[in-house]
Asks: 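Starting off with a structure, shown below.
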Amino acid sequence: EGMLEKQLAEGRPLRVKLGIDPTAPDIHLGHVVVLTKLAQFQAAGHQVVLIIGDYTARVGDPSGRDAQRPVLSGEEIDANAATFTEQAFKVLDRDRTEVRFNGEWLDMPASELFALAGQVTVAQLLARDDFRKRMEEQRPLSVLELLYPVLQGYDSVAIRSDLEIGGTDQKFNLLLGRDIQQAYGQAGQSVMTLPILPGLDGERRMSKSLGNYVALTDPPEEMFGKLMSIPDAAMPAYYRLLLLCEQPEELPAVQAKRELARRLVDRFHGEGAGGAAEAHFDRVHKRREVPDEIPEAGLAKHGADGDGEVHLPAVIASVFGVSSSEARRLIRQGGVKLDGESVPGDRLDLPRSELEGRVLQVGKRRFARLVA
């Protein structure tokens with residue numbers, strides 16, 4: 001910290017670096033933690049450099065891994081890189097972000113690679129916990145994986161980084177970057193690590209490969225629903241790392257969770273989207289009386305064919321064996337629901353597209369899923 005204070009005291013804009021390997025197409029809330037810190041540096045007038053690791057992704061970051069990662073094809077990496085960059089601008093200011101691909105400098109002649117590899121000792125690399133553990137347990141550790149932190153460190157040389165930001169699992173890589181810069185005659189960056197956001201399970205880190213993530217591209221309803229599934233114990237971390245405030249003590253846990261979900265959906269889908277997603281969530285969850293096994297009823301079999309309107313009382317009469325007049329009376333009284341929402345009393349004819357795939361409910365206990 002003393003070093004960063006010294007740099008800030010110089011009064012010049014710092015070059016603040018974040019590297020992301022595009023190993024999956026979507027940015028999730030775990031990435032938002034570091035991107036938000038970058039956005040704060042931008043707001044204070046510093047230059048953010050976002051490095052898309054199109055080349056390091058070809059190696060696969062071994063951080064925190066106990067086995068080699070599967071490596072993606074070049075096409076997959078390039079496609080991911082394009083969507084990734086676009087999504088990062090949901091948090092960062094597009095006009096004030098320098099985006100670089102590390103293939104620009106890592107696609108180097110062998111003579112340069114040998115010079116780089118000569119700057120780092122094997123002892124330095126084996127000081128890293130996960131490398132040492134794999135060696136001790138005699139599990140495979142490739143030379144390529146040992147090179148990964150060296151290549152990441154060279155990114156700092158290439159863009160003349162003053163400060164690099166990453167998750168706590170990146171501490172070794174970030175410090176090695178400083179050593180490599182100094183070997184190349186540069187001042188050496190400060191490093192800032194941020195806590196890792198727990199995934200939806202509340203235990204392991206949020207990660208695409210563990211499936212416990214919320215992607216920024218998740219539709220509002222899905223984002224809201226996923227956030228409502230977080231264990232209470234993980235909530236303080238979500239408030240601190242994503243909303244940059246403490247969890248409100250005066251709210252019961254479930255209300256605090258709703259508040260968190262609403263604010264995050266608003267942030268990524270626009271003002272008002274959180275409230276709409278919450279209303280959807282409530283509608284769906286008031287349907288808990290719906291049984292798991294629902295019989296299917298084919299619309300065509302029940303006098304509904306073609307793409308036009310379907311006479312709902314006729315379908316109800318046919319599926320549930322009541323008279324059409326009884327079916328009309330039930331609709332008028334609000335006793336007929338589609339996917340848990342009451343059908344308006346004046347709607348007896350509905351477009352077929354509004355019925356297909358939905359659960360028709362009559363009264364409290366009669367259900368059928370309408371299929372083509």
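One-based numbering along the sequence shown.
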Asks: May I ask you to decide if A256's main-chain N or O and Y239's side chain share a donor-acceptor pair within less than 3.5 Å?
Replies: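 Judged by distance alone, yes, a pair lies under 3.5 Å.
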
Asks: Using distance only, find each side-chain donor-acceptor pair of residues 27-34 under 3.5 Å and give its atom names and separation, not counting sequence neighbours.
Replies:
unit_1: H28; atom_1: ND1; unit_2: G30; atom_2: N; d: 3.0
unit_1: H31; atom_1: ND1; unit_2: H28; atom_2: N; d: 3.0

Asks: Nearest 0.5 Å, what's the CG-CG distance between L264 and D218?
Replies: 12.0 Å

Asks: What is the distance from atom CG of L200 to atom CE of M206, rounded to the nearest 0.5 Å?
Replies: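 Result: 5.0 Å between the selected atoms.
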
Asks: Do E164 and Q170 pair up side chain to side chain, a donor and an acceptor below 3.5 Å, judged on atom types alone?
Replies: no

Asks: Can you confirm if the NZ or CZ of K226 lies within 45° of the ring axis of Y213 and under 6.0 Å from the centre of its six-membered ring?
Replies: yes

Asks: Could you tell me whether D282 and R258 have a side-chain N and a carboxylate O separated by less than 4.0 Å?
Replies: yes

Asks: Assess whether side-chain contact (heavy atoms from CB on, under 4.5 Å) is satisfied between I165 and F41, documenting all intermediate values.
Replies: CA-CA 11 Å; I165 292 181; F41 274 99; 3.8 Å; yes

Asks: Which pair of heavy atoms, one from P231 and one from G202, lies closest together, and at what distance?
Replies: CG-CA, 3.8 Å

Asks: Is there a donor-acceptor contact under 3.5 Å from the side chain of S318 to the main chain of A314?
Replies: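 It does not hold such a pair.
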
Asks: Does a sphere of radius 6.0 Å around CD in E136 hold more than 12 heavy atoms from other residues, nucleotides or ligands, not counting ones at 6.0 Å or beyond?
Replies: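 Yes, because the 6.0 Å sphere around CD of E136 holds more than 12 heavy atoms from other groups.
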
Asks: According to a 4.5 Å side-chain heavy-atom criterion applied to Ile, Leu, Val, Met, Phe, Trp and Tyr, with indirect links allowed, do L144 and I180 form part of one hydrophobic cluster?
Replies: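 Same hydrophobic cluster.
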
Asks: Is there a path of hydrophobic side-chain contacts, each under 4.5 Å between heavy atoms of I/L/V/M/F/W/Y residues, joining V371 to V315?
Replies: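 In one cluster: no.
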
Asks: Just by modelled atom types, is the D155 backbone N or O under 3.5 Å from a matching donor or acceptor in the N102 side chain?
Replies: no

Asks: When rounded to the nearest 0.5 angstrom, what distance separates CG in N80 from CD1 in I20?
Replies: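 The CD1 atom of I20 is 12.0 Å from CG of N80, to the nearest 0.5 Å.
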
Asks: Heavy-atom count around E250 CD within 6.0 Å, excluding the residue itself: above 12?
Replies: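 Yes, CD of E250 has more than 12 neighbouring heavy atoms, counting only those of other groups under 6.0 Å.
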
Asks: Could you walk me through whether K6 and E10 pass salt bridge (charged side-chain N to carboxylate O under 4.0 Å, His left out), step by step?
Replies: CA-CA 7 Å; K6 244 193 281 197; E10 291 171 20; over 6 Å; no

Asks: Between D93 and Q42, is any side-chain donor less than 3.5 angstrom from a side-chain acceptor?
Replies: no

Asks: Does any part of the side chain of V48, heavy atoms only, come nearer than 4.5 Å to the side chain of L18, both counted from C-beta?
Replies: no

Asks: Do L4 and L174 belong to the same hydrophobic cluster, where Ile, Leu, Val, Met, Phe, Trp and Tyr are linked whenever their side-chain heavy atoms lie under 4.5 Å apart, directly or via other members?
Replies: no

Asks: Using side-chain heavy atoms (C-beta onward) and a distance below 4.5 Å, is T36 in contact with L244?
Replies: yes

Asks: Quick one: does any side-chain atom of N212 pair with a main-chain N or O of R205 as donor and acceptor, under 3.5 Å?
Replies: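 Yes, the answer is positive, given that a donor and an acceptor are paired below the 3.5 Å cut-off.
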
Asks: Side-chain contact test, heavy atoms from C-beta onward, threshold under 4.5 Å: evaluate it for R178 versus Q186 and give yes or no.
Replies: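 Side chain of R178 against side chain of Q186, heavy atoms only: no contact under 4.5 Å found.
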
Asks: Less than 4.0 angstrom from a charged side-chain N to a carboxylate O is my criterion; do R240 and E246 meet it?
Replies: yes

Asks: Which heavy-atom pair separates K257 from M228 by the least distance, and what is that distance?
Replies: CD-O, 3.4 Å

Asks: Working note: L260 + I230, criterion side-chain contact (heavy atoms from CB on, under 4.5 Å); need CA distance, chi angles, decisive distance, verdict.
Replies: CA-CA 11 Å; L260 171 85; I230 304 166; 3.9 Å; yes

Asks: A quick test of your reading: do over 12 heavy atoms of other residues, nucleotides or ligands sit less than 6.0 Å from CZ of R160?
Replies: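 Counting neighbours around CZ of R160, 12 or fewer heavy atoms of other residues, nucleotides or ligands fall under 6.0 Å, so no.
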
Asks: Measuring from L126:CG to R134:CZ, what's the distance to the nearest 0.5 Å?
Replies: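 The distance works out to 11.5 Å.
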
Asks: Measure across M108 and Y154 and return the closest heavy-atom pair with its distance rounded to 0.1 Å.
Replies: CE-CE2, 3.7 Å

Asks: Determine, for R263 against D266, whether the closest basic-nitrogen to carboxylate-oxygen distance falls under 4.0 angstrom.
Replies: no

Asks: Spell out, as yes or no, whether a donor-acceptor pair under 3.5 Å connects the side chain of Q255 to the backbone of P252.
Replies: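 No; judged by distance alone, with no hydrogens or angles, the pair does not exist.
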
Asks: Who else is in V143's hydrophobic cluster (ILVMFWY, side-chain heavy atoms under 4.5 Å, direct or via others)?
Replies: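 In the cluster with V143 there is nothing else; it is isolated.
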
Asks: Walk me through whether V91 and L38 qualify under side-chain contact (heavy atoms from CB on, under 4.5 Å).
Replies: CA-CA 9 Å; V91 183; L38 288 181; over 6 Å; no

Asks: Pair V336, V362 - check side-chain contact (heavy atoms from CB on, under 4.5 Å), show working.
Replies: CA-CA 5 Å; V336 174; V362 173; 4.3 Å; yes

Asks: For the pair Q361 (side chain) and G363 (backbone), establish whether a donor and an acceptor sit closer than 3.5 Å, ignoring hydrogens and angles.
Replies: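 Yes; judged by distance alone, with no hydrogens or angles, the pair exists.
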
Asks: Indicate if I331 and V310 have the same hydrophobic cluster label, given that clusters are the connected sets of ILVMFWY residues with side-chain heavy-atom separations under 4.5 angstrom.
Replies: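 Both belong to a single hydrophobic cluster.
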
Asks: Salt bridge (charged side-chain N to carboxylate O under 4.0 Å, His left out), that's the test. Do E145 and R128 meet it? Break it down for me.
Replies: CA-CA 12 Å; E145 288 179 284; R128 215 174 100 155; over 6 Å; no

Asks: Judged by atom type as modelled, is there a donor-acceptor pair below 3.5 Å linking the side chain of E76 to the main-chain atoms of S73?
Replies: yes

Asks: Rounded at 0.5 Å granularity, tell me how far CG in L227 sits from CD in E259.
Replies: 12.5 Å

Asks: Any side-chain heavy-atom pair from F224 and H269 closer than 4.5 angstrom?
Replies: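 The answer is no, as the side chains (C-beta and beyond) never meet within the 4.5 Å cut-off.
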
Asks: Looking only at heavy atoms, what is the nearest atom pair of Q152 and N173, with distance?
Replies: OE1-ND2, 3.1 Å

Asks: Between D21 (side chain only) and T23 (backbone N and O only), is there a donor and an acceptor less than 3.5 Å apart?
Replies: no

Asks: How far apart are the closest heavy atoms of S156 and K17, and which atoms are they?
Replies: OG-NZ, 2.7 Å

Asks: Do D26 and K208 come close enough that some side-chain heavy atom pair is under 4.5 Å?
Replies: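 Yes, side chains in contact.
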
Asks: Determine whether F281 and E221 make a side-chain contact, defined as any pair of heavy atoms from C-beta on separated by less than 4.5 Å.
Replies: no

Asks: Under 3.5 Å, is there a donor-acceptor pair linking the side chains of Q189 and S161?
Replies: yes

Asks: I'd like to know if the side chain of Y238 reaches the main chain of L197, judged simply by a donor and an acceptor atom lying under 3.5 Å from each other, with no hydrogens or angles considered.
Replies: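 The answer is no, because no donor-acceptor pair under 3.5 Å joins these two groups.
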
Asks: Between L194 and L175, is there shared hydrophobic-cluster membership here, with clusters defined by ILVMFWY side-chain heavy atoms closer than 4.5 Å?
Replies: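 Hydrophobic grouping puts L194 apart from L175.
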
Asks: Provide the closest heavy-atom pair for P22 versus I52 in the form atom of the first, atom of the second, distance.
Replies: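 Residues P22 and I52, closest heavy atoms: CG-CG2, 3.8 Å.
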
Asks: Please check if any side-chain donor atom of Q40 sits under 3.5 Å from a side-chain acceptor atom of K37, or the reverse.
Replies: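 The answer is yes; a qualifying pair exists.
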
Asks: Any side-chain heavy atom of P220 within less than 4.5 Å of one from F268?
Replies: no

Asks: Just by modelled atom types, is the I159 backbone N or O under 3.5 Å from a matching donor or acceptor in the R15 side chain?
Replies: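 Such a contact is found between R15 side chain and I159 backbone.
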
Asks: As an exercise, state the distance from CG of L355 to CG of L338, rounded to the nearest 0.5 Å.
Replies: 6.0 Å

Asks: Going by heavy atoms in the side chains, are R358 and D339 under 4.5 Å from each other?
Replies: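 Counting from C-beta outward, R358 and D339 do come under 4.5 Å.
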
